[in-house]
Protein chains: 2
Amino acid sequence: MPRLKEFDEAEVLDQALELFRVRGFQHTSFNDLVEELGVSRQSLYDTYGDKQALYLAALTRYQERGLARIRQQLDGPAPLRTRLAALFEGMVAGQCSNGSPGCLMVNSMVELSPHDGDVRALAHRHAHAIETLFASSLSAALRKGELAKDKDPVALARFLYHTMLGLAVASRTHADQAGLRQTVQLALQALG
Amino acid sequence: MPRLKEFDEAEVLDQALELFRVRGFQHTSFNDLVEELGVSRQSLYDTYGDKQALYLAALTRYQERGLARIRQQLDGPAPLRTRLAALFEGMVAGQCSNGSPGCLMVNSMVELSPHDGDVRALAHRHAHAIETLFASSLSAALRKGELAKDKDPVALARFLYHTMLGLAVASRTHADQAGLRQTVQLALQALG
DNA sequence: GTTTTAATGGAATGACAATTCCAGAATGTG
DNA sequence: CACATTCTGGAATTGTCATTCCATTAAAAC
């Protein structure tokens, strides 16, 4: 009986995500969304709930994609250093794409996490997941002798996570991809 | 003839700065300012101009103080590594003080720099000034033999700047000073 | 063709916030 | 005391924005 949905929920969510990533939550009005996504106001409310819920859905999606990418890039036969270099290269490319808006998660951490418990919880889970993934790869490398015994995988994992944060902020304000890549090189030297 | 000013412009500006640092520009309403600063709305407008101008004045002040601090800490007889460690220690302490709101400049870069040319210009000057200060100290250390000849002072300076950005974001969301300090240690190992 | 659901455009609604306006009280100087 | 200036509290103004409401159209299922 029912009429079928005419737009792709996931696709529209991605468009909203991109708008939020560029403009931030507060600088993106619902009118902006209606205009840019090509879906009527009422349909957006019916499908995703209010602006806050839409944002949270976008952020959740972004986080899941990011973590999947990290898992995939870390999982391989190449030396850890090589895998990490590829991972960071992909991150830099992503953060600099579409006008260099940086990372939605980092932008959310700065703009919203002090005021919004849901965002804060997502950010904490994100940090924890990333640090855990890094730490487990680093521990494996340590066991294989790829990493010196005196290195601390947990501290190194957090260091790499902090480096990611810095790259994201820098990409949002400064248009200097070469500089970001040089920083990646230097950060990876911490592996010894 | 005139009645004298009854509040200290600089002191009130510092209070506004702190409010902006914690809550961000958009999450700080003019009413918040009136209530927290203990100065009437009209006096604020008369003294500083509108909210935007007040914010910019606070950010400018913050930037100047930060740069002065860096200059002062970098200028000394101790080994560069020691001076940088002290500098970063002070930064971490500052960003974690008063509820760990992070760095006003970094927060501004994320929240405002894409939309506000004045903020963007300040951020660019800030980055340039810091990188220049770091680079000149690193070059001096290189000449003195404190730093290996194969190191690139400019790239290292930018790396340290990027590290600062990451620490600021992390301090705003995660309450883990020990982790930040460990990251500082690891970052400084890039000096060799 | 009727029913059910989806979608749309546009008009209320209601809240909130920045800025300005105003009338009065306070405080130094001459 | 008179005057210039500052400060204050509060009201008025204005604009923006999220959200809801409504009337209508479209499409699939039966």
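Just so you know, these numbers come straight off a predicted model, no measurement behind them. So you know, we letter chains A, B, ... as the sequences are listed, proteins then strands, and number each from 1.
Between the axis at the start and the axis at the end of the helix from C:dG1-D:dC30 to C:dG30-D:dC1 there is an angle of 0°, using five pairs per end and rounding to 10 degrees.
Aromatic ring pairs are classed by plane angle as parallel below 30°, tilted from 30° to 60° and perpendicular above 60°; the pair A:Phe134 and A:Phe88 is parallel.
Separation of the A:Phe20 and A:Tyr62 ring centroids does not fall under the 6.0 Å cut-off.
In this structure the side chain of A:Arg83 never reaches within 4.5 angstrom of the side chain of A:Leu87, judged on heavy atoms. Residues B:Leu160 and B:Leu156 form no side-chain contact, since every pair of their non-hydrogen atoms from C-beta on lies 4.5 Å or further apart.
Across all strands shown, A:Asp50 has heavy atoms under 4.0 Å from sugar-phosphate atoms exclusively, and none from any base.
The side chain of B:Lys51 lies closest to C:dA18 when the candidates are C:dT8, D:dT19, C:dA18. Among the nucleotides C:dT20, D:dC7, D:dT19, the one closest to the side chain of B:Tyr45 is C:dT20. Of all nucleotides listed (D:dC7, C:dT19, C:dA7), D:dC7 comes nearest to the side chain of B:Phe7. For B:Gln42, taking side-chain heavy atoms from C-beta onward, the closest of the listed nucleotides D:dA18, C:dC21, D:dC7 is C:dC21.
Not one side-chain nitrogen or oxygen of A:Ser29 sits closer than 4.0 Å to the OP1 or OP2 atom of D:dC17. In this structure, B:Ser40 does not reach the D:dC7 phosphate: none of its side-chain N or O atoms is under 4.0 Å from OP1 or OP2.
Taking atom CG of residue B:Asn31 and atom P of nucleotide C:dC16, one finds them 11 Å apart after rounding to whole Å. Between A:Phe30 atom CZ and C:dG14 atom P there is a gap of 20 Å when expressed in whole angstrom units. For A:Tyr55 and D:dT19, the OH to P distance is 15 Å, given to the nearest whole Å. The distance from atom OH of B:Tyr48 to atom C1' of D:dC7 is 14 Å, rounded to the nearest whole Å. For A:Glu35 and C:dT8, the CD to C1' distance is 15 Å, given to the nearest whole Å. Taking atom CD of residue A:Gln26 and atom P of nucleotide D:dT16, one finds them 17 Å apart after rounding to whole Å. To the nearest angstrom, C1' of D:dT13 lies 13 Å from CZ of B:Arg41. Look at CG on B:Leu44: it is 16 Å from P on C:dA17, rounded to the nearest Å.
Counted within 6.0 Å of NE2 on A:His128, heavy atoms from surrounding residues, nucleotides or ligands total 12 or fewer; the atom is thus considered open. Open room surrounds CZ on A:Arg69; 12 or fewer heavy atoms of other groups in view lie less than 6.0 Å from it.
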If you apply the rule side chain to side chain contact (heavy atoms under 4.5 Å, CB included), what do you find for B:His27 with B:Asp32, and how did you get there? CA-CA 9 Å; B:His27 271 91; B:Asp32 292 340; over 6 Å; no

